[in-house]
Every structure is written in C-alpha cells, then in structure tokens.
Amino acid sequence: MRQQPRTPRTSIVSEPPSASATIGGGVAFVALVIALLWAVSYPVLAASIALVGAAAVGVVRTGGRALARRLHGRITELSIPGVATVRISVSPN
C-alpha cells in the first residue's frame with residue numbers, strides 16, 4: 001500500500017502564546033517605537049537629552065565610587081522603633 005505525503009493543515013491551531021509574548025513586551029515595543037519617532041522628529045532635543053543622561057550616569061558612577069571610598073568602614077545604625085535596629089556599612093567593590 002502506498003502512503004501519500006502529509007499535507008500541512010491550514011486550520012487555526014490554538015497554541016498557548018510564547019513566554020516572550022506578554023503584555024509588558026507589547027507595551028515596551030510600542031513605547032520604543034513612539035520614542036524613536038519622537039527622536040526622529042526632534043533630533044537636537046533628543047541628542048541633548050541623551051547627552052545629559054549619559055553625563056548624569058557618569059557623575060553618579062564617579063560620585064558613588066568617591067562616596068563609597070569616603071564612607072568605607074563607617075557603620076551607621078538605623079533604629080526602627082518597635083521593629084529592629086539596622087546596621088549599615090559601606091564597602092567599595
């Protein structure tokens with residue numbers, strides 16, 4: 001008996017969505033597209049915002065390292081009434 005090759009079905013298959021197909025991913029994609037369209041519409045403003053953001057990140061990283069060096073070894077206690085006392089110490093990585 002001769003077998004015929006299977007033809008692919010054209011019916012709708014109800015499979016669960018993949019793990020990456022979430023509402024958050026869809027919202028993030030739409031936000032990214034809107035941000036890109038805005039950046040294309042206002043390139044000078046978008047570039048200045050990007051530069052200010054990059055400078056702020058650099059200042060925070062440098063300032064954070066300097067602050068960690070300054071506070072190295074210092075222990076601060078924070079008392080939460082009726083709950084506990086928290087001891088905080090800073091050590092640079």
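Positions are given from 1 along the sequence.
Distance check: Trp38 CH2 to Ile49 CD1 gives 3.5 Å after rounding to the nearest 0.5 Å.
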Practice item. Determine, step by step, whether Leu36 and Val40 satisfy the side-chain contact (heavy atoms from CB on, under 4.5 Å) criterion, reporting the C-alpha distance in whole Å, the side-chain angles of both residues, the deciding distance to 0.1 Å, and the verdict. Key: CA-CA 6 Å; Leu36 287 174; Val40 169; 5.5 Å; no
Practice item. Carefully, step by step, assess Thr85 and Ile80 under the rule side-chain contact (heavy atoms from CB on, under 4.5 Å). Key: CA-CA 6 Å; Thr85 299; Ile80 303 171; over 6 Å; no
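Under the 4.5 Å side-chain heavy-atom criterion for ILVMFWY residues, a single connected hydrophobic cluster contains both Val83 and Val86.
Here the side chains of Leu78 and Thr76 are not in contact, with every heavy-atom distance at 4.5 Å or above.
With Val30 as reference, Ile34 is the one residue of Ile34, Val27, Leu32 to meet the side-chain contact (heavy atoms from CB on, under 4.5 Å) rule.
At least one donor-acceptor pair closer than 3.5 Å links the side chain of Ser48 to the backbone N or O of Leu45.
In terms of heavy-atom proximity, Pro81 sits nearest to Ser79 at CD-O, 3.5 Å.
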